[in-house]
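Structure record follows, encoded as structure tokens.
Heavy atoms only: backbone and side chains are in, while hydrogens, waters and symmetry mates are out. By convention in this document, chain letters (A, B, ...) are assigned in the order of the sequence lines, proteins followed by strands, and residues within each chain are numbered from 1. Since the structure is predicted, the reported quantities are computational estimates derived from the model, not experimental observations.
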Amino acid sequence: LKKKEYRKPEIRKVRLAPEEA
Amino acid sequence: MDSNTIYTKSDSIVSRKIADEVILVPIRQDVGDLESIYTLNEVAARIWELVDGKSTVKEIRDVIVSEYEVPPIEVEKDIMGCLHELESVKAVTEG
């Protein structure tokens with residue numbers, strides 16, 4: 001199978017308003 | 001942490017897969033920051049999927065190398081960085 005293009009693992013934090021959280 | 005370390009997902013986090021990405025939502029107050037959610041890109045999401053309390057970092061690396069165009073040395077460093085970040089937000093624990 002053709003291998004997929006690699007991108008560095010990335011974790012992004014998204015801040016929410018308390019009630020939304 | 002070394003390549004034989006095993007990680008387990010925290011039960012204080014719930015996750016949902018959306019397309020190739022995953023969102024992590026803390027649901028307990030003992031988890032870092034209740035007012036934030038975390039989004040994982042495709043490779044980070046795949047690493048998250050592979051964390052099962054049984055697979056070592058080395059085994060996770062082998063799966064990623066088999067699926068993506070990336071040299072093993074580079075990916076192991078990235079996986080450790082990703083797991084370290086997940087550990088810092090208490091999404092995973094060692095052991």
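The minimum heavy-atom distance linking Asp78(B) with Lys8(A) is given by the pair OD1-NZ, 2.9 Å. Minimum interatomic distance between Ile11(A) and Cys82(B) (heavy atoms only, all atoms of both residues): CD1-O, 3.8 Å. In terms of heavy atoms, Asn41(B) sits closest to Pro9(A) at OD1-CA, 3.5 Å.
For Leu40(B), the parts lying under 4.5 angstrom from a heavy atom of chain A are both the backbone and the side chain. In this structure, the portions of Glu69(B) lying under 4.5 Å from any heavy atom of chain A include both its backbone and its side chain. In this structure, chain B has heavy atoms under 4.5 Å from both the backbone and the side chain of Glu10(A). In this structure, the portions of Val75(B) lying under 4.5 Å from any heavy atom of chain A include both its backbone and its side chain. Proximity to chain A involves both the backbone and the side chain of Leu86(B), based on heavy atoms less than 4.5 angstrom apart.
Ile6(B) and Ile79(B) fall into different hydrophobic clusters, defined by Ile, Leu, Val, Met, Phe, Trp and Tyr side-chain heavy atoms under 4.5 Å apart, directly or through other members. In the hydrophobic cluster analysis, where Ile, Leu, Val, Met, Phe, Trp and Tyr join through side-chain heavy atoms closer than 4.5 angstrom, Val65(B) is grouped together with Val43(B).
You'll find the side chain of Lys3(A) stays beyond 4.5 Å of the side chain of Tyr68(B), heavy atoms only. Side-chain atoms of Glu67(B) and Tyr6(A), non-hydrogen and from C-beta on, never get closer than 4.5 Å to each other. Under the 4.5 Å side-chain criterion, counting only non-hydrogen atoms from C-beta, Val14(A) is in contact with Thr39(B).
With values rounded to the nearest 0.5 angstrom, Arg7(A) atom CZ is found 10.5 Å from Asp20(B) atom CG.
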